Amino acid sequence: QVQLVESGGGLAQPGGSLRLSCTVSGTIFSDYVMGWFRQAPGEQRELVASISTTGNTVYGDAVKGRFTISRDYVKNTVYLQMNSLKPEDTAVYYCKRGGRVSIYIDGTWGQGTQVTVSS
């Protein structure tokens, strides 16, 4: 079955950086849009970034210019490089395999990884 395993979350100071990884198995990685979502306590889950099969990227307004999504077709892994972190970036971050053309298609989620930004 399809599995998404995330890693790289943790505690960072404001202005710091973290890199999240999501390794995918049980599916043809190159056929699907991949993305990262986040959910803070009491808030709805929101799109952070997505990357298409051809490398086109989309970012949420809150993270544009600070976060970068990328994917490695050899390692079947999608990354989220997070720079200039702010306390409001604190959330559980989820990796998602979407559809062949859209991240919003009902897909498969990872288990989530906590990111906390605090001094």
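Every value quoted in this text rests on a predicted model; they were computed, and no experiment measured them.
Note: Phe37 and Tyr104 have perpendicular aromatic rings, judged against thresholds of 30 and 60 degrees for the angle between ring planes.
Judged by distance alone, with hydrogens and angles left aside, the side-chain atoms of Glu6 form a donor-acceptor pair with the main-chain N or O of Gly112 at under 3.5 Å. For Ser102 (side chain) and Gly99 (main-chain N/O), no donor-acceptor pair under 3.5 Å exists by modelled atom type. Using a distance-only test at 3.5 Å, with no hydrogens or angles considered, no donor-acceptor pair links the side chain of Thr57 to the main chain of Ile51. Under a 3.5 Å cut-off, the side chain of Arg97 and the backbone N or O of Thr108 do not form any donor-acceptor pair.
In this structure, Gln44 places its CD atom where only 12 or fewer heavy-atom neighbours from other residues, nucleotides or ligands lie under 6.0 Å away.
A cation-pi arrangement is present between Arg45 and Trp109, with the terminal nitrogen or guanidinium carbon under 6.0 Å from the aromatic centre and inside a 45° cone about the axis. In this structure, Arg100 is positioned above the aromatic face of Tyr32, its NZ or CZ under 6.0 Å from the six-membered ring centre and within 45° of the axis. Relative to the ring axis of Tyr79, Arg19 places its NZ or CZ within 45° and under 6.0 Å from the centre.
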- [ ] Start with the C-alpha gap between Leu4 and Tyr94, add the side-chain angles, then the distance that decides, and say whether side-chain contact (heavy atoms from CB on, under 4.5 Å) holds.
- [x] CA-CA 9 Å; Leu4 283 69; Tyr94 296 91; over 6 Å; no
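In this structure, the side chains of Val24 and Thr77 stay at 4.5 Å or more apart for every pair of heavy atoms.
For Asp89 and Lys86, the salt-bridge test fails: no basic side-chain N is under 4.0 Å from an acidic carboxylate O.
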